[in-house]
Amino acid sequence: MNAIFKIAAVALAATAAVGSHAESYPAPGKTITIIVPFTAGGPTDKVARDLAESMRKQLNNATIVIDNADGAGSTIGTAKAARARNDGYTLLLTHIGMSTIPTLYRKLPFNVLSDFEYAGIINDVPMTLIGRPTLPAKNFAEVKDWVGKNQGKVNLANAGVGSASHLCGLMFQASLQQEMTPVPYKGAAPAIADLMGNQVDLLCDQTTNTTSQIAAKKVQAYAVTTTKPLSTPALKDLPTLQSLGLKDFNVTIWHGLYAPKGTPAEVVQKVNEAMKASLKDPEFIKRQEALGAVIASDDRITPAGHKKFVEAEIAKWGKVIKAAGIYAD
Ligand code: ASP
């Protein structure tokens, strides 16, 4: 074989290999693992399990398993995903933390922008401020009063340093200008369990985790973190923190799907298409809406739209975190 012919043959084989990635993805019998960097049963986990259930139908009934690689405010699981094989059989589903950890942690073993392929944003989820059942405060004015009288003694649970509940809690303390004691967990599932058991006082967490507990009156609910009240039946009477005088308080959590850097573009495209179809699946939409979540806008359900959005979020939250001087390390 002469040299030019050899190069052409190699190039042809490479093209065929790339094409076959997409055609055969997911290969029969292969399992897709979605890494969730928080505990099982928490809000990020719930979104992942719901999405996996629907995506499976779009991907020839492939087996999709969730790997809860929790701890250190999502950074352990996210690092694991960055190091995983980039063949499309390991994905990462995480939340707004992807845009806050680059500022909250001054040293990370991965780069959120250059170590991942972006598959699309899934949803937007409001947060709620909730309290333990035995907390004497029955509304937000009483919470403010009670926190003031118990300076430094109030326990504010969160899902780990760098998590969304941590960020929300820090903003809450800064707005009230009150010191509270943060209590970090590996995810919001153990945090809300301890709140229901009266072990901690307050928690700010996604409606995907809190709605059913609020409806069942297993926790006390005081306010929502969005600029407008919500329409979900169990949450519709909750005031916004802004309307209660916490100027500029506006936190909405979003979730996105990623693959390790170098995952073939055709495979990422297939994952994106399966995800897009799931976001139109009436069953998935119904489950999300019942928990106060809203399906992401079309412009962000694309790999390029997702990345552009995360870049903007990194800039936005970077300013907030630096202004508040809060760092995890
Ligand atoms: N809700 C958690 C957080 O505060 C994450 C989780 O457990 O899903 O970031």
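Numbering of residues begins at 1 and proceeds along the displayed sequence. What you see is a predicted model, and the numbers here were worked out from it, not measured in a lab. Note that ligands are numbered from 1 as they come in the structure, with each ligand's atoms numbered from 1 the same way.
For residues 168-198, every residue pair satisfying the disulfide (SG to SG under 2.5 Å) rule, not counting sequence neighbours, is listed here: C168-C204.
Comment: E313 engages K316 in a salt bridge, judged by a side-chain N to carboxylate O separation of less than 4.0 angstrom. Using a cut-off of 4.0 Å between Lys/Arg side-chain N and Asp/Glu carboxylate O, E283 and R287 are scored as salt-bridged.
Through direct or indirect side-chain contacts shorter than 4.5 Å among Ile, Leu, Val, Met, Phe, Trp and Tyr, V200 is connected to I130, V183, Y185, I192, L195, M196, L203, I214, V219, V224, L230, L235, L238.
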Exercise for the section: Might you work through the side-chain hydrogen bond (donor to acceptor under 3.5 Å, both in side chains) test for T94 and S74, ending with a clear yes or no? Expected result: CA-CA 8 Å; T94 188; S74 82; 4.6 Å; no
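Contact shell of ligand 1 (protein heavy atoms, cutoff 4.0 Å): F38, P43, T44, H95, A159, S163, A164, S165, G187, A188, D205, Q206.
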Counting only pairs under 3.5 Å, give me each side-chain donor-acceptor contact of residues 33-47, with atom names and distances, residues two or more places apart or in other chains.
unit_1	atom_1	unit_2	atom_2	d
D45	OD1	R49	NE	2.9
D45	OD1	R49	NH2	3.2
D45	OD1	N68	ND2	2.9
D45	OD2	G41	N	2.7
D45	OD2	R49	NE	2.9
K46	NZ	T208	O	3.1
K46	NZ	N209	OD1	3.2

